[in-house]
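Have a look at the structure below, then the notes.
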Amino acid sequence: MDRRTAEVKEFEESILQIDRVSKVVKGGKILRFRVAVVIGDKKGRVGVGVGKAREIPSAIQKAINDARRNLVTVPLKNNTIPMRITAKKDTAHVFLAPAVQGTGLVAGRVVRMIAEKAGVQDLLSKSLGSSNPLNVAQATLKALRDMEKIMRVSELRKIKEGGKDESN
């Protein structure tokens, strides 16, 4: 019991979307629930997961397990992101930009939820195209994943913030 409570405390969870989906078979319709969940530790790790089941609680548990498998580490700098970035998933486009301290989260419902779970306190964002919460969430995660890769490459190249080489 003690181990389970420690495991639950590691991440905060929020339900992004609950949809009732049906499959038509010979005997009629099979109803299931699709749940999208956002989890994060407010220290730079965040994930989005999707789960399907006949009951909502088991779909939520599947989504949480899926989100744990798809965690992204968000590079944070003064409680905001270090650079502007855009990403696209299907027809959902997301633009993320760093904000001055005290600005808060200027973002839509989905991007705000992901940023809160990641521990970002100041952020400017715009979501264009599709307003489907799952696609917007996946586009946001793609932007954060791309930013992590860019930061890792720039550290390997030892480039300063201004874009100039240290030896100059």
Side-chain angles (χ1 to χ4, degrees), residues 6-19 34-52 59-164 166:
E7 193 177 313
V8 171
K9 299 286 182 193
E10 185 181 3
F11 294 108
E12 285 189 23
E13 306 150 2
S14 289
I15 296 172
L16 190 66
Q17 181 183 37
I18 297 178
D19 279 336
R34 186 187 77 182
V35 178
V37 171
V38 178
I39 65 167
D41 62 357
K42 294 199 173 192
K43 295 175 189 165
R45 291 194 309 164
V46 67
V48 174
V50 180
K52 273 197 235 179
I60 291 172
Q61 196 56 50
K62 285 182 181 182
I64 290 169
N65 292 338
D66 186 39
R68 285 198 177 144
R69 285 190 293 268
N70 298 317
L71 283 175
V72 174
T73 304
V74 180
L76 295 174
K77 181 179 170 187
N78 300 329
N79 295 325
T80 187
I81 58 175
M83 68 180 83
R84 291 180 179 195
I85 194 152
T86 60
K88 175 184 168 188
K89 169 68 175 152
D90 294 337
T91 57
H93 298 263
V94 173
F95 168 75
L96 304 175
V100 180
Q101 192 171 6
T103 305
L105 293 173
V106 182
R109 184 180 75 89
V110 177
V111 178
R112 177 187 302 268
M113 203 178 285
I114 292 172
E116 281 175 356
K117 296 292 178 258
V120 178
Q121 293 176 358
D122 303 304
L123 180 76
L124 299 172
S125 82
K126 184 65 184 169
S127 177
L128 302 166
S130 173
S131 60
N132 180 350
L134 190 53
N135 285 346
V136 173
Q138 289 175 344
T140 306
L141 235 60
K142 184 174 185 253
L144 297 174
R145 201 174 287 126
D146 291 348
M147 190 174 9
E148 180 187 7
K149 287 178 188 172
I150 291 168
M151 295 301 289
R152 201 174 317 123
V153 169
S154 66
E155 283 176 27
L156 290 172
R157 292 182 181 171
K158 298 190 188 315
I159 295 177
K160 285 188 176 180
E161 284 180 294
K164 295 179 182 174
E166 286 183 16

*Hey, could you give me the CG/CD1 distance between L96 and I81, rounded to the nearest 0.5 Å?*
5.0 Å
*Is N78 atom CG crowded by more than 12 heavy atoms from other residues, nucleotides or ligands, each under 6.0 Å away?*
no
*For residues 99-125, which residue pairs qualify under salt bridge (charged side-chain N to carboxylate O under 4.0 Å, His left out), counting only residues two or more places apart or in two chains?*
E12-K117
*CG/L144 to CD1/I85 distance, rounded to the nearest 0.5 angstrom?*
8.0 Å
*L123 versus A97, closest heavy-atom pair with distance*: CD1-O, 3.5 Å
*I would like to know whether E10 and R68 meet salt bridge (charged side-chain N to carboxylate O under 4.0 Å, His left out); could you show each step before the answer?*
CA-CA 11 Å; E10 185 181 3; R68 285 198 177 144; 5.2 Å; no
*When you measure from the side chain of K62 to the backbone N and O of K52, does any donor-acceptor pair fall under 3.5 Å?*
yes
*Between N132 (side chain) and L134 (backbone), is there a donor-acceptor pair under 3.5 Å?*
yes
_If I compare all heavy atoms of P98 with all of L124, which pair ends up nearest, and what's the gap?_
O-CD1, 4.1 Å
*About how many Å separate CZ of R145 and NZ of K149, when rounded to the nearest 0.5 Å?*
7.5 Å
*For T103 and A99, indicate whether the former's side chain and the latter's backbone hold a donor-acceptor pair under 3.5 Å.*
no
*If you take all heavy atoms of A139 and A87, which pair is closest and at what distance?*
O-CB, 3.3 Å
*In Å, rounded to the nearest 0.5 Å, how long is the span from OG1 of T73 to CZ of R152?*
8.5 Å
*Please round to the nearest 0.5 Å and tell me the distance separating atom CD1 of I114 and atom CD1 of I39.*
11.5 Å
*asked:* With a 3.5 Å distance limit and no angle check, can you tell me whether N79 reaches the backbone of V120 through a side-chain donor-acceptor pair?
replied: no
*asked:* To the nearest 0.5 Å, what is the distance between CZ on R69 and CD1 on I64?
replied: 12.0 Å
*asked:* For a 4.5 angstrom cut-off between non-hydrogen side-chain atoms, does N70 reach V48?
replied: no
*Which heavy-atom pair separates P75 from P82 by the least distance, and what is that distance?*
O-CD, 3.2 Å
*May I ask you to test the Q101-Q121 pair for a side-chain heavy-atom distance under 4.5 Å?*
no
